[in-house]
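To start, the structure under review is shown below, and the notes come after it.
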Protein chains: 2
Amino acid sequence: MAPMSKNAPAPSAPTRDRLLDAFEELLVEGGERSATLDSVAAAAAVSKGGLLYHFASKDALVDGLLARLDALAREDADNIRTAPAGPVDYLIRTSVHTGSPLDRAYIAGSRLAQGRDPRAMQVLNEIRRRWLSVIEDAVHDPDTAQAIMLISDGLYVNSSLAAHELTPPSHTDESMTRLITLIGRLLPRST
Amino acid sequence: MAPMSKNAPAPSAPTRDRLLDAFEELLVEGGERSATLDSVAAAAAVSKGGLLYHFASKDALVDGLLARLDALAREDADNIRTAPAGPVDYLIRTSVHTGSPLDRAYIAGSRLAQGRDPRAMQVLNEIRRRWLSVIEDAVHDPDTAQAIMLISDGLYVNSSLAAHELTPPSHTDESMTRLITLIGRLLPRST
DNA sequence: ACAACTATACCGTCTAGCCGGTACAGTCGA
DNA sequence: TCGACTGTACCGGCTAGACGGTATAGTTGT
């Protein structure tokens with residue numbers, strides 16, 4: 001029974017979002033292995049049957065998360081472009097864990113990509129390409145833009161690896177400012 | 001089956017190492033989930049009983065891999081320090097996937113770390129700390145050393161994400177050279 | 001004789017996915 | 001206005017198979 005609406009373009013329920021939140025959280029905190037259907041359902045305070053009502057399979061859950069990540073990243077690209085302190089400042093400062101929705105979704109997506117999910121890898125690559133092109137527009141040298149992206153990626157990896165208690169807080173607001181100043185030296189002195 | 005060559009010039013490929021190689025390979029190619037005891041044994045052309053003869057548990061397998069990674073990384077730290085073209089040049093050039101034993105072991109370790117294995121996270125952090133201190137010795141500014149490490153991490157993440165068919169080969173030898181030149185601008189003008 | 005295996009059977013647990021059922025809010029024709 | 005019916009949202013029990021691990025008897029090269 002329950003022949004499902006032909007598509008699921010907009011079930012738009014709060015439960016659906018809670019499930020995605022829970023999935024994200026589990027991926028971030030415990031990696032791919034701990035993000036099982038059972039634990040996602042439990043974390044969202046929904047039964048497993050309830051989860052499978054909203055997402056017919058684990059693949060569908062992954063697709064849902066990736067779609068959300070993609071939407072968030074598109075918004076972010078605009079934020080970078082129009083940031084008052086400039087694109088580079090904004091990109092670098094948001095490359096450490098801020099706990100923002102995009103941040104969590106991005107890390108969750110990375111976990112999936114490390115698990116070799118090709119869809120996750122593709123989405124992540126597209127997001128990176130988008131960021132790179134914004135930086136390229138701001139800095140008029142492709143090599144410099146590339147280097148800045150690499151630093152941004154490095155920061156991500158670092159805070160992702162460090163995260164959780166151990167290791168001193170290496171990326172303070174002050175050290176970020178110093179880093180951004182340093183990046184200034186990469187910019188061609190012309191114009 | 002498969003009557004092994006009775007004599008090798010040296011006992012250079014003992015089963016234990018083949019098991020570690022297989023474990024590494026599976027982690028790199030298929031992520032944590034695909035590196036099961038059964039598949040590791042199969043990939044090393046050893047029975048499951050044979051695997052458990054050498055490594056009494058999966059934890060022991062992980063420890064074995066991490067020990068190998070640590071040994072390889074210690075050697076590498078010396079290579080960086082004494083590299084003819086200088087530490088920075090060496091570090092950056094070996095930050096893209098080269099297929100070296102360290103490379104493979106490092107990626108395998110990362111997969112374990114993404115799976116939130118605390119031992120893997122610790123080993124990876126130690127390796128990074130070691131690299132950073134070598135760069136700090138070479139470049140006499142901590143902030144600059146930090147930035148260089150970030151670029152190195154970024155390169156690693158990039159080539160890890162890119163890997164496998166899709167995406168054009170973005171890190172050619174020539175582009176690496178340009179990147180290294182660019183990094184030169186980060187160095188303080190003193191000394 | 002002994003180490004280094006192979007082969008196979010088995011166990012408990014976890015995991016993805018399936019299915020029957022429930023509760024309830026609407027809709028609609030008589 | 002009432003009863004039949006529909007769709008949505010969800011529950012919870014179940015199953016097949018994967019997984020880590022155990023056990024044990026047999027084989028092979030030195």
Side-chain angles (χ1 to χ4, degrees), chain A residues 1-23 25-27 29-65 111-112 115-117 119-120, chain B residues 1-23 26-27 29-66 111-112 115-117 119-120:
Chain A
M1 291 28 173
M4 285 273 221
S5 55
K6 25 192 142 189
N7 295 336
S12 65
T15 302
R16 207 188 122 97
D17 286 330
R18 285 208 333 273
L19 285 164
L20 251 18
D21 288 343
F23 186 35
E25 181 78 4
L26 283 161
L27 281 170
E29 298 299 323
E32 207 202 350
R33 289 204 87 141
S34 74
T36 66
L37 294 187
D38 277 316
S39 57
V40 169
V46 165
S47 73
K48 197 173 172 183
L51 191 171
L52 288 162
Y53 172 78
H54 290 283
F55 299 98
S57 68
K58 198 167 193 185
D59 266 13
L61 231 197
V62 170
D63 285 339
L65 185 78
R111 303 278 191 238
L112 259 14
R116 321 308 292 152
D117 187 308
R119 292 164 299 170
Chain B
M1 298 67 192
M4 286 298 202
S5 62
K6 27 178 124 185
N7 58 345
S12 54
T15 304
R16 206 189 123 96
D17 285 331
R18 285 207 337 271
L19 286 164
L20 252 17
D21 287 343
F23 186 35
L26 283 162
L27 281 170
E29 297 299 323
E32 207 201 350
R33 295 202 82 145
S34 74
T36 66
L37 294 186
D38 279 315
S39 57
V40 169
V46 165
S47 70
K48 192 176 175 181
L51 191 172
L52 288 161
Y53 174 79
H54 289 283
F55 300 98
S57 69
K58 197 167 193 183
D59 266 12
L61 231 196
V62 170
D63 285 339
L65 184 76
L66 259 19
R111 302 279 191 237
L112 260 12
R116 321 309 290 153
D117 186 308
R119 292 164 298 171

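Chain A is the first sequence line, chain B the second, and so forth, proteins listed ahead of strands; every chain is numbered from 1.
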Check your understanding: Who pairs with Ser39(A) by side-chain hydrogen bond (donor to acceptor under 3.5 Å, both in side chains), at least two apart in sequence or on another chain?
Key ->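 Applying side-chain hydrogen bond (donor to acceptor under 3.5 Å, both in side chains) to Ser39(A) gives Thr36(A).
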
Point to revise | From CZ (Arg33(A)) to CZ (Arg111(A)), nearest 0.5 Å | key: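 It comes to 14.5 Å.
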
I need the [atom1]-[atom2] distance between [X] and [N], as an integer number of Å.
X        : N       : atom1 : atom2 : value
Asp38(B) : dA7(C)  : CG    : C1'   : 13 Å
Phe55(A) : dT15(C) : CZ    : C1'   : 19 Å
Lys58(A) : dA18(D) : NZ    : P     : 16 Å
Arg16(A) : dT8(D)  : CZ    : P     : 14 Å
Leu52(B) : dA9(C)  : CG    : P     : 18 Å
Leu37(A) : dG12(D) : CG    : P     : 17 Å
Arg33(B) : dC14(C) : CZ    : C1'   : 10 Å

Check your understanding: Which parts of residues 43-51 of chain A get close to DNA chain D, meaning a heavy atom less than 4.0 angstrom away?
Key ->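 The stretch gives Val46(A), Ser47(A), Gly49(A), Gly50(A) as the residues lying under 4.0 Å from the strand, ordered by number.
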
[N] phosphate, OP1 or OP2: any side-chain N/O from [X] under 4.0 angstrom?
X        : N       : result
Thr15(B) : dC5(C)  : yes
His54(A) : dC10(D) : yes
Tyr53(A) : dC10(D) : no

Set of residues satisfying side-chain contact (heavy atoms from CB on, under 4.5 Å) with respect to [X], sequence neighbours excluded:
X        : answer
Leu52(B) : Leu37(B), Lys48(B)
Ala41(A) : Leu51(A)
Asp63(A) : Arg119(A)
Ala56(B) : none

